[in-house]
Amino acid sequence: MTDVGPDPKYSPPVLPAEDAAALAARHGLVEAGVRPGFIAYLRELWQFRHLTWAMAKGEVVSEYQDNHLGWLWALINPILLGVSYYLIFGLLIGTRGGIDNFVSFLTIGLFVFIPISLVLASGSKSLLSKIKMIRSLSFPKLLLPVTVTFAHFVSAIPAFVVLVIIALIMEEEPPSAEWLLFPVALLVVLVMCMAFALIGSRLVHAFRDLSNLMSLITRLLRYVSGVFFSVQVSIERFDGAPAWVGHALEYQPVAVALTLCREPLMAEYPVQWQTWAVALAWAFGLLIVGFVYFWRGEGTYGRA
């Protein structure tokens, strides 16, 4: 009788560990689920830079592809929201006190805060929403929160253009050279939002219940960051409040980001080096912390 199948006593030859590692390195294979070295991680991110931009464009296209008006909703939504905020907070509640050009003030604050809030909400869930992709493919997971950040800012470009047009119409003085700082201010805000997404995505991946708090945090930031009122004017009304409370509200990251974008376009808010120094410190300080924090958890993403 002839035996069918492999010999159960036979075991295939096994390469020594050093030879196996050399063979894998020769063919560009890496061990899955292991955090790479910091320099190797930076090199890997650079190799995947084209994928980041392609994924960001895909996010933008998929957001509006099912709507008849398409990209126009990137303009319609913020404009309608701006009109609503003007009627409610500017006229009904009266938060326009102490602000001469309230239309530009509100438009800049609202149009810049919208992508910030979207990054906080969806960027923090970027790992959980792509959990199947993380388990199926090998790539730097940092691409996911970065992609979400780029996508929201790219989709907000039409709103930023409208914002500048409104400022041109509402400002009594002609544009100055300081207006050229507005795109730079948006880049600083983009860096800041990228840091928010990196930190938030790892926190939510580790503690899933935090995702339920993101809407609350976003709503809280909307009401304490001066989107539709002047933080400085509001602080002056509270004579008995400690000085540190005013400084905390005025120089927290989102409030600084809104002020940074208002100063180049509004004559009543002259450009101040203190605002730029604090904003740059927040943006790049948080980015460094967020990058290192996210990289240290690279080998854990996708695990149950």
Side-chain angles (χ1 to χ4, degrees), residues 20-65 71 74 115-116 118-157 183-184 186-206 208 211 214 280 282-304:
L23 180 63
R26 192 183 313 137
H27 294 279
L29 302 177
V30 295
E31 187 177 356
V34 176
R35 183 185 70 201
F38 191 78
I39 301 301
Y41 194 60
L42 292 175
R43 192 180 299 113
E44 190 177 6
L45 288 172
W46 178 252
Q47 293 173 351
F48 280 87
R49 63 190 184 279
H50 300 297
L51 176 62
T52 305
W53 181 242
M55 291 173 61
K57 290 191 294 185
E59 292 278 348
V60 175
V61 171
S62 63
E63 182 178 0
Y64 299 106
Q65 67 178 358
W71 268 74
I116 294 176
L118 291 174
V119 169
L120 285 170
S122 56
S124 61
K125 301 177 183 178
S126 57
L127 293 176
L128 297 183
S129 62
K130 296 290 191 298
I131 197 72
K132 293 183 178 179
M133 179 180 177
I134 292 173
R135 292 171 178 173
S136 303
L137 303 175
S138 177
F139 65 99
K141 311 309 180 291
L142 185 139
L143 298 184
L144 298 177
V146 170
T147 295
V148 171
T149 305
F150 277 137
H152 287 307
F153 270 79
V154 169
S155 64
I157 289 177
V184 182
L186 291 179
L187 287 177
V188 176
V189 178
L190 172 65
V191 172
M192 194 181 297
C193 288
M194 199 177 299
F196 293 157
L198 292 175
I199 297 173
S201 58
R202 183 180 175 186
L203 285 174
V204 171
H205 182 272
R208 308 297 172 89
S211 62
M214 293 311 300
L280 288 170
W282 273 122
F284 289 97
L286 287 173
L287 181 63
I288 293 172
V289 172
F291 188 94
V292 174
Y293 179 65
F294 191 95
W295 163 71
R296 289 180 64 87
E298 178 68 25
T300 65
Y301 303 136
R303 299 179 182 176

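- To the nearest 0.5 Å, atoms OG1 (Thr149) and CD1 (Ile116) are separated by 11.0 Å.
- For Phe294 and Tyr301, the ring centers are positioned less than 6.0 Å apart.
- For Ser124 (side chain) and Ala121 (main-chain N/O), a donor-acceptor pair under 3.5 Å exists by modelled atom type.
- Between the side chain of Lys141 and the backbone N or O of Phe139, at least one donor-acceptor pair lies under 3.5 Å.
- Distance check, rounded to the nearest 0.5 Å: CE of Met133 to CG of Leu143 gives 8.0 Å.
- Distance check: Leu137 CG to Leu51 CG gives 9.0 Å after rounding to the nearest 0.5 Å.
- Figure legend: cation-pi geometry between Arg43 and Trp46 absent, as NZ or CZ is not positioned both under 6.0 Å from the six-membered ring centre and within 45° of its axis.
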- request: Determine, stepwise, if the pair Leu45 / Val146 fulfils side-chain contact (heavy atoms from CB on, under 4.5 Å).
  value: CA-CA 11 Å; Leu45 288 172; Val146 170; over 6 Å; no

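- Of all non-hydrogen atoms in Glu298 and Leu142, the two that sit nearest each other are OE1-N, 4.2 Å.
- Around CZ of Arg296, the count of heavy atoms belonging to other residues, nucleotides or ligands within 6.0 Å does not exceed 12.
- For Ser122, the side chain to side chain donor-acceptor pair (under 3.5 Å) test picks out His152, with sequence neighbours left out.
- When ring centroids are compared, Phe291 and Phe38 come within the 6.0 Å threshold.
- In terms of heavy atoms, Ile134 sits closest to Leu127 at CD1-O, 3.5 Å.
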Scan the side chains in residues 191-203 for donor-acceptor partners under 3.5 Å anywhere in the protein, sequence neighbours excluded, and list what turns up.
unit_1	atom_1	unit_2	atom_2	d
Ser201	OG	Ala197	O	2.8
Ser201	OG	Leu198	O	3.0
Arg202	NH1	Tyr293	O	2.5

task: Apply the test side-chain contact (heavy atoms from CB on, under 4.5 Å) to residues Leu42 and Trp295: give CA-CA distance (whole Å), side-chain angles for both, the deciding distance (0.1 Å), then the verdict.
output: CA-CA 10 Å; Leu42 292 175; Trp295 163 71; over 6 Å; no

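- Summarising the geometry of Ser138 relative to Phe48, their closest heavy-atom pair is O-CZ, 4.1 Å, with the distance given to 0.1 Å.
- A heavy-atom distance below 4.5 Å is not found between the side chains of Leu190 and Leu186.
- Closest non-hydrogen pair, Ser211 versus Val204, comes out as CB-CG1, 3.8 Å.
- Nearest heavy-atom pair across His205 and Thr300 is CE1-O, 3.6 Å.
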